[in-house]
Amino acid sequence: TIEDPEKLKAVRTLVVSGAVSDVVGAINRLAKGLSGEARAFPACNDAALRLYGDALLGRGTLDAASQADPNCVPLSLVSAETLLARGDREGAIRVCAAALALPKLDAIDQAHMEYLVATAKGETPARLKALQRLTALLPSDGEVLRAAGTVQLANRDARAAARSWESAAQADPGDPTTWNELGYARAYNHDLEGARKALEQYQKLLPPEDWNGLDSLGEVNFFFGDFAAAERYFLEAHKTGGAPAELLKAAQARMMTGDLAGADAIFARQGNWTALERAEWEFLTGRRKQAITRLSGAPGDPRAALQLALWKMQTGQGPAPQAGNDPLSRAISHLLAGQFAEAAPLLEPLYRATPPGADGMVRTLLAWSYARTNRAQEAGKLLDLYPIPIAGGDPILASLVFPKFVQLRAEVLRSPKDQQLAAKYAGDLPDRVP
């Protein structure tokens, strides 16, 4: 039965019949009745389809269905996706390789298999190539378009991601997640109004008690420096049922207006912050000596000890930093030692591999290294959207984001507003390396 979603009434009913042994034939006749352009379901024997149905109902396994008909490509696709979801990359590759060796494989199935192989191997260029083929073959398939947008954004191609999410929204306008992702993709393309419109639509599709749309609107407005709007949305998200993190984001938004007393008042609405969380807020807002004193009296907490060690290195109160093992740790060690030329080559691949939604820290650090190595123009390109200092990352590293980000904007972009913020939150202990 086909329904008109706007009129909420049935407009057409299709009935197909046939032998029990010809399920695929019935499927194909039904598909042609729905659309003359429908592609035929590949030939699969009846036993495999029945076992597949049993597996979906929890009465069997996909392995049994696949063994009943190794040439049934739809089963191979489902099997490969399931193996990949379980973390069995080699198993997924084997299933796809067997399917790709079949004669006369449908072009859509071939592209889908190649996408799964590239995903299992972690080969981003091959994933993008396969997805481009799939979106060309299935221009109205919301699932494919969403997958393309996700991979494109992870590859830092926000413009292509926005186009994919826009097409996905047209194909499936009732899917809330699509509108949320589209909002962020537009924001990373510096389209604030477009981002707001997408996120407002996202919020409309959510149940009244769901506050995530308000949180998304708050984050996007924060990125663009509309801190008053960001605070309103974060507070509304918290009122609707959001976690204490919404209050922390609202406090950070007020902090960015220069109103520290107001920010402290918002932060104080949550009464059970840990000693580490209180100290991190104090350090972030310039009360560095107070923060260090608070953590110095809280022994036994390994994260507090790690935070304290970083702050002491950062402010020259502790030993010079030693290079860590992973690229990020090595880069931070170089930066805190003033070795900016050594830090940049470590940070550049990290930045390229980090999606825009999680790049606030590495973007700040890379801009810092560029600004100190006579690459101001390159630094300026990284200072466009404001990161939320304590959000989406490890709070222990937030002191490397703020006030460093506004200090760099004040220096590189000559922004008066950021010059004021940089002066206000410089803190009572200067950084070892400016």
Side-chain angles (χ1 to χ4, degrees), residues 211-212 214-216 218-219 222-223 227 230-315 317-318 328-329 332 336 357-362 364-365 386-407 421 424-429 431:
W211 46 268
N212 194 63
L214 297 167
D215 174 76
S216 296
E219 290 197 338
F222 195 109
F223 296 162
F227 302 118
E231 179 189 335
R232 288 197 304 273
Y233 283 120
F234 289 140
L235 289 177
E236 184 62 26
H238 183 261
K239 181 180 177 182
T240 307
E246 297 302 311
L247 276 182
L248 181 56
K249 289 181 184 179
Q252 290 174 93
R254 178 69 69 89
M255 173 190 75
M256 295 296 286
T257 68
D259 180 6
L260 178 55
D264 280 341
I266 295 173
F267 183 82
R269 292 189 196 181
Q270 177 71 23
N272 60 346
W273 298 112
T274 66
L276 175 58
E277 290 167 334
R278 290 182 184 278
E280 286 168 343
W281 174 251
E282 291 163 349
F283 196 94
L284 193 75
T285 51
R287 293 160 288 194
R288 295 181 165 192
K289 292 180 180 178
Q290 182 176 327
I292 289 174
T293 299
R294 182 184 296 277
L295 287 195
S296 297
D301 183 345
R303 285 185 60 78
L306 182 61
Q307 181 70 92
L308 188 60
L310 175 62
W311 287 344
K312 287 186 174 181
M313 286 190 292
Q314 187 175 339
T315 59
Q317 307 299 303
L328 178 60
S329 296
I332 291 173
L336 295 182
D359 72 355
M361 185 195 61
V362 69
T364 303
L365 298 181
Y386 288 92
I388 305 175
I390 305 178
D394 190 342
I396 286 179
L397 300 176
S399 64
L400 300 175
V401 177
F402 186 85
K404 181 62 66 181
F405 190 86
V406 294
Q407 291 169 350
L421 288 172
K424 184 175 184 66
Y425 297 115
D428 49 18
L429 279 176
D431 283 348

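No donor-acceptor distance shorter than 3.5 angstrom exists from the side chain of Q252 to the backbone of I388, with no hydrogens or angles considered. Counting only distance, with no hydrogens or angles, the side chain of E277 and the backbone of T274 share a donor-acceptor pair below 3.5 Å. No donor-acceptor pair under 3.5 Å is formed between the side chain of Q270 and the backbone N or O of A268.
Taking CZ of R269 as the reference point, atom CG of D264 lies at 12.5 Å (rounded to 0.5 Å). Once rounded to the nearest 0.5 Å, the distance linking CD of Q290 with CZ of R278 reads 11.0 Å. Separation of atoms CG (L248) and CZ (F234) is listed at 9.5 Å; rounding is to 0.5 Å.
Contact detail for I390 and A398: the closest heavy-atom pair is CG1-CB, 3.7 Å. When all heavy atoms are compared, the tightest approach of G218 to A230 is O-CB, 3.3 Å. Taking both residues in full, the closest heavy atoms of A251 and A263 are given as O-CB, 3.4 Å, listed atom of the first, atom of the second, then distance. Nearest heavy atom pair, residue P389 against residue V401, reads CA-CG1, 4.2 Å.
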message: The test is side-chain contact (heavy atoms from CB on, under 4.5 Å); show your working for E246 and L214 and say whether it passes.
response: CA-CA 10 Å; E246 297 302 311; L214 297 167; over 6 Å; no
- request: Report the C-alpha distance between L235 and L247 in whole Å, list the side-chain angles of each, state the deciding distance to 0.1 Å, and finish with yes or no for side-chain contact (heavy atoms from CB on, under 4.5 Å).
  value: CA-CA 6 Å; L235 289 177; L247 276 182; 3.9 Å; yes
- request: Under the side-chain contact (heavy atoms from CB on, under 4.5 Å) rule, what do L328 and M361 come out as? Steps first, then yes or no, please.
  value: CA-CA 10 Å; L328 178 60; M361 185 195 61; 3.5 Å; yes
message: Before you tell me yes or no, could you show the steps for K249 and D215 under salt bridge (Lys or Arg N to Asp or Glu O under 4.0 Å), namely the whole-Å CA-CA distance, both residues' side-chain angles and the distance that decides it to 0.1 Å?
response: CA-CA 9 Å; K249 289 181 184 179; D215 174 76; 2.8 Å; yes
task: Go through the steps to decide whether L421 and Q407 satisfy the test side-chain contact (heavy atoms from CB on, under 4.5 Å), and finish with yes or no.
output: CA-CA 8 Å; L421 288 172; Q407 291 169 350; over 6 Å; no
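Between D431 and R288 there is a salt bridge, with a side-chain nitrogen of the basic residue lying less than 4.0 Å from a carboxylate oxygen of the acidic one.
Here the side chains of P244 and W273 are in contact, with some heavy-atom distance below 4.5 Å. Annotation: side chain of L429 is not in contact with side chain of Q314 (no heavy-atom distance under 4.5 Å). Residues F222 and M256 meet the side-chain proximity criterion, which asks for heavy atoms closer than 4.5 Å. By the 4.5 Å heavy-atom criterion applied to side chains, E236 and W211 are not counted as neighbours. Between M313 and I332 the shortest side-chain heavy-atom distance does not fall below 4.5 Å.
Among residues two or more places apart in sequence or in another chain, the ring pair (Phe, Tyr, Trp, His ring centres under 6.0 Å) test is passed with F402 by Y425. Under the ring pair (Phe, Tyr, Trp, His ring centres under 6.0 Å) criterion, F405 pairs with Y386, not counting sequence neighbours.
The 12-atom threshold is exceeded at CZ of F283, counting heavy atoms of other residues, nucleotides or ligands nearer than 6.0 Å.
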Show which side-chain atoms of residues 291-311 pair as donor or acceptor with protein atoms under 3.5 Å away, not counting sequence neighbours.
unit_1	atom_1	unit_2	atom_2	d
T293	OG1	K289	O	2.9
R294	NE	E282	OE1	3.1
R294	NE	E282	OE2	3.2
R294	NH2	E282	OE2	2.6
S296	OG	I292	O	2.7
D301	OD1	R303	N	3.0
D301	OD1	A304	N	3.4
R303	NH2	D394	OD1	2.9
Q307	NE2	I396	O	3.0

